[in-house]
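Heads up: the structure comes next, in structure tokens.
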Amino acid sequence: MATKKKNTNVSKKQVDLDTNREDGADQFLTTNHGVRINDNQNSLKAGERGPTLLEDFIMREKITHFDHERIPERIVHARGSGAHGVFQVYESMAKVTKAKFLQDPKRETPVFVRFSTVAGFRGSTDLARDVRGFAVKFYTDEGNFDLVGNNMPVFFIQDAVKFPDLIHAVKPEPHNEMPQAASAHDTFWDFISLMPESAHMIMWVMSDRALPRSYRMMEGFGVHTFRFLNEQNKSTFVKFHWKPLLGVHSVAWDEAQNISGKDADFHRRDLWEAIESGVFPEWELGVQLVKESDEHKFEFDLLDPTKLIPEELVPVQRIGKLTLNRNPDNFFAETEQVAYHVGHVVPGIDFSNDPLLQGRLFSYLDTQLKRLGGPNFHEIPINRPVAPVHNNQRDGHMRQTINTGRVSYEPNSIGGGCPFQAAMADGGFNSFEERIDAKKVRQRSPSFHDHFSQATLFYNSQSDSEQRHIVNALRFELGKVEIPDIRVRMLGILSQVSKDLAEQVAEGLGIPVPAKPEQPMNQSFGADTDPKSVQPKKVRSSLESSAALSMKNTVKNTIKSRKVAALIADGFDGKHLEAMKKALMAEGAMLKTVAPRNGVIKTADGKAVAADFSLLTAASVLFDAVYIPGGAASIETLADSADACHFVDEAYKHCKAICATGDTTEFLESTYAGEADDDDEAVIIAANPGKVAAAFITAIANHRNWDREVERKIPA
Ligand code: HEM
């Protein structure tokens, strides 16, 4: 008999989904039309060795359904993982927005969140260097609000008309469909090197932000400037942020490439396991609010999606909390079929004229019509709102709603005029009345022409190790580019962000930085526009750097949900392991044992401990830190094991915390950790765990000792 773990997190949306949940436990197997199946092993044949009969309606139904199991994957963000949760506002935001879910701190709004990568196909690795999608569907009582954001606050392009070009350039090249889920190829950098407006986003994508340690440890951003509208329809500009309570952390590029081989589902598994084990991921919703009258007070344009508002200029107010507390029951039904759309807003939230946002408003519904096969995908359980739906839209593929009555038009008298329009006082959506008095043009505002100031601001705000990683990422990516002119052109762009950056990248590529960047760039001709006037310009930013842009300044006081590997072999010190496990678990971390083989491993005093993994089935890149308890026989075995030495060397190379207690010298001396500098606070060696557990916990919370990588002498 099948048993199912009961998830007790029941929101209004979960109750709604219950009508569609199916569980075959203790039930007969049936056809899709409810007929009980007597034989699911044999098709109907004319004699036991005869031909299969067309009459076999059971087999035909089963195979037909199977034949149609795949639907088109998303053109972008195909690879993703989702989870249910709830959102609660801390205090009423009624002053700036009439959106009801942002008014009552007691109101729990159900959400469904999907994280994703952009470029790869549906089966691609989670650890690609890429932007991550961070899409949140709020099932509010006034209808669905989708905040369809990314883990980076800016975007590559300023106008949606360039989106197909950008995506064609980054996707695998069309002639040979390579490389998968990677931007390190000619077409991407060809496009980017001709699009200076992408410079700021390129800094983000080449930074460690593109390699999150976990979905649970990345920020989210709505990117565009939106509007809040209050009861008086007064508008306030708003930028949305998600701030993870675990802080913002990333893995190293070498580690990311290894993880892709060892566990391509690394982020998916991490999210799933965290929720299953009750360590619910949490983010605070932040807003940056700008008064309508302050629209033009910045040195950049609020409508330009390649710009952020530095937190020094407008602080982020944390207004509520998102908690993910339930995994989907069925990946396809929920995570695959969910359809987000920036155009799903509720009264109190409205759009700005950001030309990227305006294009998105068209794109999402259009693409979902194809991906989900028709106009009724809003009826799919994961997409349907908890707010009631009444209108005169009818029919179409797979219609679920059985509309009753004669009336499917408005105005009508036969139906008593129903369903009727809602006045604003009754929650009717009303767009912000923005005054527009303009010529119809294809032009970009000169306020969009500064492409470099914020790229420079971002680079200057990074710590030494973060800057080093950007240089190395660019050397890697451009090193994979085959056409020399593209590299040169790209160096020209980088030289306008930072001479120092361009020179370091150039050194790695073995070519000089060009004396003058290629001109003209990003050329467009309006009816009476001189092409020179749209050349990128650099405005001197009033800010030298912004602390919020560096992950060095993120939360580093928790090890909640971090995974620590304990390397053990027969004869290890069981008491040390127990003591360390207790200390780590008290802080919310997990300790898993990794041994030369699976099965039972004996402690020095003969107790049996089950190995969670063998050195074959685990790898250091799947853990945050390594612990080595003493025990003479265990240490001798580990010292003789090339895999165990590699495990520690690799963790050391990736700058992770390593702790050894008892006499571990023989093993440590076989590894590079044994040669750690005395001032390396993330390599902790002591006689017993009681003395150093606290130091180990601090080192794990600090995430990495990036200084260690400078010498680059670890061959692992
Ligand atoms: C600020 C810029 C953008 C952000 C933050 C963004 C974010 C996202 C996210 C998070 C998803 C995945 C949603 C999911 O998990 O199902 C997505 C999908 C998609 N985006 Fe964007 N996007 C941006 C720009 C654009 C633009 C400019 C276009 C087109 C003009 C576009 C077209 C699409 C399409 C077609 C999908 C697939 C939707 C589906 O099949 O359900 N995006 N985007």
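Numbering of ligands and ligand atoms starts at 1, following listing order.
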Within residues 341-353 or reaching into it, pairs that qualify as salt bridge (charged side-chain N to carboxylate O under 4.0 Å, His left out) - sequence neighbours excluded
none

Could you list all the salt bridge (charged side-chain N to carboxylate O under 4.0 Å, His left out) pairs where at least one residue sits in residues 333-349, not counting sequence neighbours?
Arg74-Glu336, Arg122-Glu336

Cation-pi between Lys137 and Tyr340: NZ/CZ under 6.0 Å from ring centre and within 45° of the ring axis?
yes

Residues Asp301, Lys307: salt bridge by 4.0 Å N-O rule
no

Sub-3.5 Å pairs, protein N or O with ligand 1 N or O:
unit_1: ligand 1; atom_1: 15 (O); unit_2: Arg114; atom_2: NH1; d: 2.6
unit_1: ligand 1; atom_1: 16 (O); unit_2: Arg74; atom_2: NE; d: 2.8
unit_1: ligand 1; atom_1: 16 (O); unit_2: Arg74; atom_2: NH2; d: 3.2
unit_1: ligand 1; atom_1: 16 (O); unit_2: Arg114; atom_2: NH1; d: 3.2
unit_1: ligand 1; atom_1: 20 (N); unit_2: Tyr364; atom_2: OH; d: 2.9
unit_1: ligand 1; atom_1: 22 (N); unit_2: Arg360; atom_2: NE; d: 3.4
unit_1: ligand 1; atom_1: 22 (N); unit_2: Arg360; atom_2: NH2; d: 3.2
unit_1: ligand 1; atom_1: 22 (N); unit_2: Tyr364; atom_2: OH; d: 2.8
unit_1: ligand 1; atom_1: 40 (O); unit_2: Arg371; atom_2: NE; d: 2.7
unit_1: ligand 1; atom_1: 41 (O); unit_2: Gln368; atom_2: NE2; d: 2.9
unit_1: ligand 1; atom_1: 41 (O); unit_2: Arg371; atom_2: NE; d: 3.4
unit_1: ligand 1; atom_1: 41 (O); unit_2: Arg371; atom_2: NH2; d: 2.7
unit_1: ligand 1; atom_1: 42 (N); unit_2: Tyr364; atom_2: OH; d: 2.9
unit_1: ligand 1; atom_1: 43 (N); unit_2: His77; atom_2: NE2; d: 3.3
unit_1: ligand 1; atom_1: 43 (N); unit_2: Tyr364; atom_2: OH; d: 2.7

Using a strict threshold of under 4.0 Å (side-chain N to carboxylate O), is an ion pair present between Asp159 and Lys162?
no

Pairs flagged by salt bridge (charged side-chain N to carboxylate O under 4.0 Å, His left out) wherever residues 169-180 is involved - sequence neighbours left out:
none

